[in-house]
Amino acid sequence: MRAIIVAVLMWVSVVPVMAQDLSGLARVDVNKSKISDGWFGTTELTLSLSQGVPYRVFSLSEPPRLVVDFREVDFTGVSPDALLPEPGRISAVRFGAFKPGWSRLVLDLGAQMLPNEIAMPVDPSSGQATLSIKLHAVPADEFAERAGPPVDADWGVQAADQPPTIEAEDFVVVIDPGHGGIDPGAVRDTTSEKELMLGVGLALRDALRRAGGVEVVLTRDTDTFVSLTGRVALAHQVGADAFVSLHADALSQGQARGATVYTLSDEASDAASAQLAAQHDRADILAGVDLSGTDDQVASVLMDLARTETMPRTDTLATALIDNMAAAGGPMNKRPRREAAFSVLKSADIPSVLVEVGFLSDQRDLANLRDPVWRAVMVEALAAGILQWRDDDLAMQPLIRQ
Ligand SMILES: [Zn+2]
């Protein structure tokens with residue numbers, strides 16, 4: 001039963017506070033914020049903000065989480081460790097941009113807990129606000145009954161920016177920098193996959209635009225969260241000719257080192273690839289995206305006919321990228337071509353690939369990924385691969401259509 005909102009609260013703006021700073025986002029004061037476990041199964045979250053903002057609170061199950069949406073909080077410079085130095089009844093926290101105009105904080109609950117007190121008092125003189133949420137342990141069945149996403153999933157916010165209008169005859173590539181916002185992807189010290197891939201994606205866009213004759217659309221060009229289905233939907237909205245998702249994940253098993261290109265298959269080529277696909281679905285779920293029911297949306301594009309035509313074209317796209325990255329020196333994975341059921345690759349009618357430029361879990365790859373010169377070489381190789389495929393694919397089209 002995932003239907004009932006635990007609480008939806010809106011902080012009503014008052015003039016003196018709004019007058020302080022109309023444009024700036026609320027910022028978190030980590031020193032005055034904390035998460036602490038108390039007696040009798042209680043836990044309290046205190047989040048100190050530079051100003052009051054509208055917010056809402058709800059719980060999600062499987063796994064149990066407490067979600068706080070804000071309009072809008074800037075979490076820049078706040079580390080999860082600073083907010084939760086030691087896991088307790090709250091086992092992990094994540095936060096960041098979620099959708100345009102929203103930020104999200106997700107607390108992973110080590111025990112089934114629901115809020116029994118929620119407040120955001122605002123200091124009238126300073127304008128500073130303190131979000132306080134008190135949680136108490138509840139039986140599993142009560143939690144399951146009361147957890148669920150809010151009815152107004154879009155929270156009254158207009159849909160994201162309209163996709164760009166594109167001339168029908170243009171060759172359109174959708175570049176998809178993996179992760180973003182509340183979902184950092186892999187993290188090693190100060191290096192995060194979401195940041196690295198945004199940089200690579202922006203550079204790849206520029207490289208392709210310099211080449212000319214290519215319309216490039218990014219699924220995100222800022223540090224924001226985009227759901228996997230949202231990325232697929234954008235590719236369709238803009239009529240993409242190719243979809244390239246960029247990643248640098250951490251993967252413990254299966255000799256995960258060196259550039260690897262993945263394509264969609266229900267049957268994973270190996271256990272490590274299956275784990276990687278599951279990892280990405282899980283990141284969506286942990287961010288608070290409900291994946292149940294999204295298969296219907298995907299099903300509409302899973303046309304066998306389209307798939308039969310697309311599959312060989314996807315193969316040649318993967319090969320072109322691998323050839324060009326290898327020619328640029330890689331380093332490539334031992335088996336650079338792999339398959340798994342990645343949700344982001346489920347467009348049957350758009351050749352879609354997922355590129356692990358390298359793996360943050362591998363020391364050599366990590367050093368490469370942190371090296372701007374190496375990244376620039378890989379960006380040029382990816383651009384060359386896409387352009388080579390465009391030309392080859394175009395030459396093949398009359399043959400396929402016959
Ligand atoms: Zn990734």
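Read the numbers this way: they start at 1 and go in the same order the structure lists the ligands and their atoms.
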(message) Between the Zn ion (ligand 1) and H247, which N, O or S atom of the residue is the nearest one?
(response)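 Of the nitrogen, oxygen and sulfur atoms in H247, the Zn ion (ligand 1) lies nearest to ND1.
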(message) For N/O/S atoms only: which one belongs to E193 and is nearest the Zn ion (ligand 1)?
(response)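 Sorting the N, O and S atoms of E193 by distance to the Zn ion (ligand 1) puts OE2 first.
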(request) Would you mind checking if R370 and D189 are paired as a salt bridge, meaning a charged N to carboxylate O distance below 4.0 Å? (result)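 Salt bridge flag = yes for R370 with D189.
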(request) Using atom types as modelled and distance alone, determine if a side-chain donor or acceptor of R231 lies under 3.5 Å from a backbone N or O of V226. (result)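 Flag set: sc R231 to bb V226 pair under 3.5 Å.
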(request) Could you tell me whether the Zn ion (ligand 1) has an N, O or S atom of D249 under 2.8 Å away? (result)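 It does; at least one qualifying atom falls short of 2.8 Å.
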(request) Could you label the plane-to-plane angle of the H280 and H179 rings as parallel, tilted or perpendicular, counting under 30° as parallel and over 60° as perpendicular? (result)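 Judged by the thresholds at 30° and 60°, the geometry between H280 and H179 is tilted.
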(request) Name the orientation class of the two ring planes belonging to W389 and F171 (parallel below 30°, tilted from 30 to 60°, perpendicular beyond 60°). (result)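 The rings of W389 and F171 sit tilted, inter-plane angle from 30° to 60°.
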